[in-house]
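First comes the structure, then the notes that go with it.
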Amino acid sequence: MTTKKKHTPNAQNDSWVVVAAESAIDTQKHGSDPAFVRLRNPSTDTASLYLLSSGEVQLYEVKAFKEDFHSWFIGQTVQRDGRLLYITPMDPLYLILPYLMKTGKEGKFQPLDQVVMDEEFPAFSRLLSCTRSLDSLHQVAEEKEVGGLKFHRYNQERTMEWLNKKVQRTVKALRKSNISVGEGVKSTTYVRVKSESDTHEEDYLRYAHGLISEYISEDLSKALLKHLQLPELTSPKEIEPPSKPPKKMTSAQKTLAKVDKTGMKTMSSFFSPKVKAENK
């Protein structure tokens, strides 16, 4: 008599597959483990996952790449969470900036530990341990020292200059990496369909502005756009009326109309008679 083996499902574990620099996971220098923390996202104003390095001296952004029906084999177990996490260094000033702007409306100099407070995200005060936070704070705020204590107040002009430097460095990195930008790029593949000479400085500025805007609020993004002297783009559909009255289309025709037909032949071209080559 044969017996069937009972298969017990693998218990859910906390293992993740991570792509990160060695500095993010190094524990020897400061003698403590890195820690994942949830902090307020400066762009969405909602919770996002970040990583504080050993000793909490550096902040890292955590991005997840996820596919449907994907898992990992880790050792002898199956990790059901099939996400791939990318961990990259991030300037903590992006996260501190919204708090400075909020208290800056009062027009008063305040101690930083009273500015960087959030009851919903108590781990936020740990950002003050990041060496980069205090070293670069003067780029977005005025500083005053009284009795050995330092007080800060948000400064809009300094912030615009700081963000402008971020944009310019991003433009330089885009050019150095030969990354195609502008209207001549298919967003899904980043393949250039226009010549490189058609790419103007404005294309790079707009692209870099879009990347930086992922880390700041919408209002600050608009202010930066104005500071860069870039006009807001308006959809051509809102300006140009249709030359002909619209015709009713089937669902298949609507789907086909959305397809990029660049470089595609018409159906009739496959059935037209071929031109015979002349005999020489």
Side-chain angles (χ1 to χ4, degrees), residues 19-24 39-44 48-53 56-63 65 85-101 104 112 116 127-143 152 154-185 187 190-192 194 196-233:
V19 178
E22 291 186 4
S23 59
L39 303 173
R40 190 181 298 278
N41 188 300
S43 177
T44 63
S48 289
L49 188 65
Y50 299 89
L51 176 74
L52 284 172
S53 66
E56 301 181 353
V57 296
Q58 174 66 54
L59 176 71
Y60 293 85
E61 178 185 23
V62 180
K63 291 287 188 180
F65 176 75
L85 302 185
Y86 290 90
I87 298 179
T88 54
M90 180 178 179
D91 192 337
L93 208 55
Y94 281 119
L95 276 72
I96 296 175
L97 190 56
Y99 295 84
L100 282 170
M101 294 177 66
L112 194 59
V116 186
L127 289 181
L128 298 181
S129 301
C130 296
T131 54
R132 192 172 180 181
S133 299
L134 301 178
D135 291 343
S136 57
L137 196 62
H138 67 279
Q139 298 188 72
V140 297
E142 301 171 60
E143 184 178 285
H152 298 85
Y154 172 71
N155 186 289
Q156 177 78 0
E157 294 182 4
R158 292 188 182 186
T159 300
M160 288 297 103
E161 285 300 320
W162 174 68
L163 290 173
N164 179 52
K165 292 178 182 178
K166 294 281 189 183
V167 170
Q168 298 301 332
R169 282 198 293 266
T170 303
V171 168
K172 185 177 180 180
L174 290 170
R175 289 184 179 276
K176 185 177 180 180
S177 302
N178 198 28
I179 295 178
S180 299
V181 301
E183 296 179 356
V185 176
S187 59
Y190 296 95
V191 176
R192 171 154 294 282
K194 287 185 179 181
E196 189 66 27
S197 59
D198 292 333
T199 304
H200 304 288
E201 181 67 19
E202 182 179 330
D203 293 327
Y204 281 100
L205 285 174
R206 286 193 181 278
Y207 195 91
H209 170 265
L211 293 176
I212 299 300
S213 294
E214 294 182 5
Y215 301 95
I216 57 180
S217 66
E218 184 177 355
D219 290 340
L220 202 56
S221 174
K222 290 181 179 179
L224 177 59
L225 195 70
K226 186 177 180 180
H227 182 80
L228 295 171
Q229 298 181 350
L230 295 174
E232 292 190 37
L233 295 177

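Keep in mind that this is a model prediction, so the values were computed, not measured.
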Glu214: partners by salt bridge (charged side-chain N to carboxylate O under 4.0 Å, His left out), with sequence neighbours left out | none
Sequence neighbours excluded, the answer for ring pair (Phe, Tyr, Trp, His ring centres under 6.0 Å) partners of Tyr99 is Phe124
Identify the residue among Leu51, Leu93, Leu52 that makes a side chain to side chain contact (heavy atoms under 4.5 Å, CB included) with Leu59.
-> Leu52
Hey, mind stepping through Glu201 and Arg175 against side chain to side chain contact (heavy atoms under 4.5 Å, CB included) and telling me if it holds?
-> CA-CA 10 Å; Glu201 181 67 19; Arg175 289 184 179 276; 2.6 Å; yes
Who pairs with Lys222 by salt bridge (charged side-chain N to carboxylate O under 4.0 Å, His left out), at least two apart in sequence or on another chain?
-> Glu218
Take Leu49 and Tyr60 through the test side chain to side chain contact (heavy atoms under 4.5 Å, CB included) and record every step on the way to the result.
-> CA-CA 9 Å; Leu49 188 65; Tyr60 293 85; over 6 Å; no
Any chance you could measure Met101, atom CE, to Leu220, atom CG, to the nearest 0.5 Å?
-> 4.5 Å
Tyr204 vs Val167 side-chain heavy atoms within contact, under 4.5 Å = no
Separation between CG (Leu134) and CD1 (Ile96), nearest 0.5 Å, reads 7.5 Å
List the steps, then state whether side chain to side chain contact (heavy atoms under 4.5 Å, CB included) holds for Tyr154 with Leu97.
-> CA-CA 8 Å; Tyr154 172 71; Leu97 190 56; 3.8 Å; yes
Drop me the distance from His200's NE2 to Arg206's CZ, to the nearest 0.5 angstrom.
-> 12.5 Å
Kindly say whether Gln58 contributes a backbone atom to a donor-acceptor pair with the side chain of Ser53 at under 3.5 angstrom?
-> yes
Partners of Tyr215 by side chain to side chain donor-acceptor pair (under 3.5 Å), sequence neighbours excluded?
-> Glu61
Evaluate the side-chain proximity of Leu225 to His209: yes if any heavy-atom separation is below 4.5 Å, no if none is.
-> yes
Where do Tyr207 and Leu174 come nearest, in terms of heavy atoms and distance?
-> CD2-CD1, 3.6 Å
Mind checking the CD-CG spacing from Glu143 to Leu112? Nearest 0.5 Å is all I need.
-> 9.5 Å
Hey, which of Val116, Leu137, Asn155 is the one that makes side chain to side chain contact (heavy atoms under 4.5 Å, CB included) with Leu100?
-> Leu137
With sequence neighbours excluded, tell me which residues meet salt bridge (charged side-chain N to carboxylate O under 4.0 Å, His left out) with Arg40.
-> Asp45, Asp118, Glu120
For a side chain to side chain contact (heavy atoms under 4.5 Å, CB included) with Lys166, tell me which candidate from Val171, Asp91, Leu224 qualifies.
-> Asp91
Under the 3.5 angstrom rule, does the side chain of Arg158 hit a backbone N or O of Gln139 as a donor-acceptor pair?
-> no
Between His152 and Val140, is there a donor-acceptor pair closer than 3.5 Å when you use the side chain of the first and the backbone of the second?
-> no
Quick one: do Met90 and Leu95 satisfy side chain to side chain contact (heavy atoms under 4.5 Å, CB included)? Show the steps, please.
-> CA-CA 10 Å; Met90 180 178 179; Leu95 276 72; 3.2 Å; yes
Work out which heavy atom in Pro92 is nearest to a heavy atom in Cys130; give both atom names and the distance.
-> CG-CB, 4.2 Å
Hits for salt bridge (charged side-chain N to carboxylate O under 4.0 Å, His left out) against Glu161, two or more places apart or cross-chain, chain-then-number order -> none
